[in-house]
Chemist: 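Next up is a structure, given as structure tokens.
Only heavy atoms go into these numbers, but all of them, side chains included; no hydrogens, no water, no symmetry mates.
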Amino acid sequence: MLFANSAEEDIRAKKMHVDSGLLESLNQRVIKVIEATDLPHFHFSEKEQVGHSFGQRFANAIQAIFDKGYLNVIAIGNDSPHLGKRHIQKASTLLLQKKVVLGPSMDGGFYLFGITREHFDANGLESLPWQTSFLFQNTLSYFDSITCQWATLETLSDIDSIKDIKRLTNYIKSLGSKWMILFSKLLSQRMHFSQRMEIAPAILVQQTPYNKGSPFCFA
């Protein structure tokens, strides 16, 4: 399950002064990664999401897939450029072993969430501290509290700030000239906007409606 808003909605909701091409590229890239796994997949954008809070929308999306008869769900966002086919496939294998799976991100959230139908509880998910740096650890604690086996994948970076973009420069180069142009444009536009407003906001700040479980702001 891709849980990510459309490029247009991201720009509107997050008030970003960037070309929609960057965010659309993020969505298209992760869709290609998902398709390469040959697993059934669904995209829950703002049009399909139901609920007032992030936790409600996320839990409702997972429930909607279980209602279709599936036994396992792997949920990902669109802002982890290092996410690859192998991460999704490994998560699928672990789910078949009846383990909940988390792919931690460097900011304390997670880029991948895999859960079995038997371990799914909407109220439990909604109560997690979404958009905080405590999300990953609190989620593990929650599954420990219900005596559920879990497994983690490698830690990946996601795109939430100027520092994230700079740290990912070498990786972005390997993606090709199109990505370099898009990210260079984003970086220059966002830095100009930050200087004009005399603040240092995150590039892809998570604001309502949220895309995933990454922290909404940084100290």
Chemist: Indicate yes or no for a side-chain donor-acceptor contact from S80 to the backbone of L83 under 3.5 Å, with no hydrogens or angles considered.
Modeler: no
Chemist: Under 4.0 Å between a Lys/Arg side-chain N and an Asp/Glu carboxylate O for E154 and R86?
Modeler: yes
Chemist: Report the C-alpha distance between D107 and S133 in whole Å, list the side-chain angles of each, state the deciding distance to 0.1 Å, and finish with yes or no for side-chain contact (heavy atoms from CB on, under 4.5 Å).
Modeler: CA-CA 6 Å; D107 56 23; S133 59; over 6 Å; no
Chemist: Find the distance between CG (N27) and CG (D79) and round it off to the nearest 0.5 Å.
Modeler: 10.0 Å
Chemist: Report yes if some heavy atom in the side chain of F66 is under 4.5 Å from a heavy atom in the side chain of I115; otherwise report no.
Modeler: yes
Chemist: Indicate, with yes or no, if L153 and L39 share a hydrophobic cluster defined by side-chain heavy-atom contacts under 4.5 Å among Ile, Leu, Val, Met, Phe, Trp and Tyr.
Modeler: yes
Chemist: Check L26 against N78 and note the closest heavy-atom contact, atom names and distance.
Modeler: CB-O, 3.4 Å
Chemist: Just verifying a value: how many Å separate K32 NZ and T37 OG1, rounded to the nearest 0.5 Å?
Modeler: 15.0 Å
Chemist: Hey, could you give me the CG/CH2 distance between D144 and W150, rounded to the nearest 0.5 Å?
Modeler: 6.0 Å
Chemist: For residues F3 and A61, report the shortest heavy-atom separation together with the two atoms involved.
Modeler: CE1-CB, 3.8 Å
Chemist: Could you report the tightest heavy-atom contact between H52 and R57, atom names first, then the distance?
Modeler: O-NH1, 2.9 Å
Chemist: Taking Q137's backbone N and O only, do any of them form a donor-acceptor pair with S141's side chain (distance below 3.5 Å, no angle check)?
Modeler: yes
Chemist: Please confirm whether the ring centroid of W130 lies under 6.0 Å from the ring centroid of F110.
Modeler: yes
Chemist: In chain order, what residues pass the side chain to side chain contact (heavy atoms under 4.5 Å, CB included) check against I146, with sequence neighbours excluded?
Modeler: Y142, F143, C148
Chemist: Counting N and O atoms only, with roles assigned by atom type, does the side chain of H43 sit under 3.5 Å from a partner on the main chain of A4, one being a donor and the other an acceptor?
Modeler: yes
Chemist: Evaluate the criterion ring pair (Phe, Tyr, Trp, His ring centres under 6.0 Å) for residue pair F113 and F136; output intermediate values, then yes/no.
Modeler: CA-CA 10 Å; F113 178 82; F136 175 70; over 10 Å; no
Chemist: Sub-3.5 Å donor-acceptor pair from the side chain of H119 to the main-chain atoms of R117, do we have one?
Modeler: no
Chemist: Atom CD1 in I76, atom CD1 in I31: separation rounded to 0.5 Å?
Modeler: 9.5 Å
Chemist: State the CD1-CG distance between I65 and N60, to the nearest 0.5 angstrom.
Modeler: 11.5 Å
Chemist: Might you point out which heavy atoms bring S105 and Y111 nearest each other, and give the distance in Å?
Modeler: N-CD2, 4.2 Å
Chemist: Are L156 and H87 packed together at the side-chain level, in the sense that at least one heavy-atom pair is separated by less than 4.5 angstrom?
Modeler: yes
Chemist: Compare every heavy atom of E46 with every heavy atom of S6, then report the nearest pair and how far apart it is.
Modeler: OG-OE2, 2.7 Å
Chemist: Can you tell me if N138 uses its side chain to pair, donor with acceptor, with the backbone of P129 under 3.5 Å?
Modeler: no
Chemist: Between L128 and L125, is any pair of side-chain heavy atoms under 4.5 Å apart?
Modeler: yes
Chemist: Quick check on the 6.0 Å ring-centre criterion: do F58 and F44 meet it?
Modeler: no
Chemist: Measuring from atom OG of S127 to atom CG of D121, what distance do you get when rounded to the nearest 0.5 angstrom?
Modeler: 8.0 Å
Chemist: Give every donor-acceptor pair under 3.5 Å between a side-chain atom in residues 93-103 and any protein atom, sequence neighbours left out.
Modeler:
residue : atom : partner : partner atom : Å
T93     : OG1  : Q89     : O            : 3.2

Chemist: Considering residues at least two apart in sequence or located in another chain, which fulfil the side chain to side chain contact (heavy atoms under 4.5 Å, CB included) criterion with T155?
Modeler: P104, M106
Chemist: Are V50 and F120 linked, directly or through other ILVMFWY residues, by side chains that come within less than 4.5 angstrom of each other?
Modeler: no
Chemist: For F42 and L2, run side-chain contact (heavy atoms from CB on, under 4.5 Å): C-alpha distance rounded to whole Å, both residues' side-chain angles, the deciding distance at 0.1 Å, then the answer.
Modeler: CA-CA 6 Å; F42 305 89; L2 173 59; over 6 Å; no
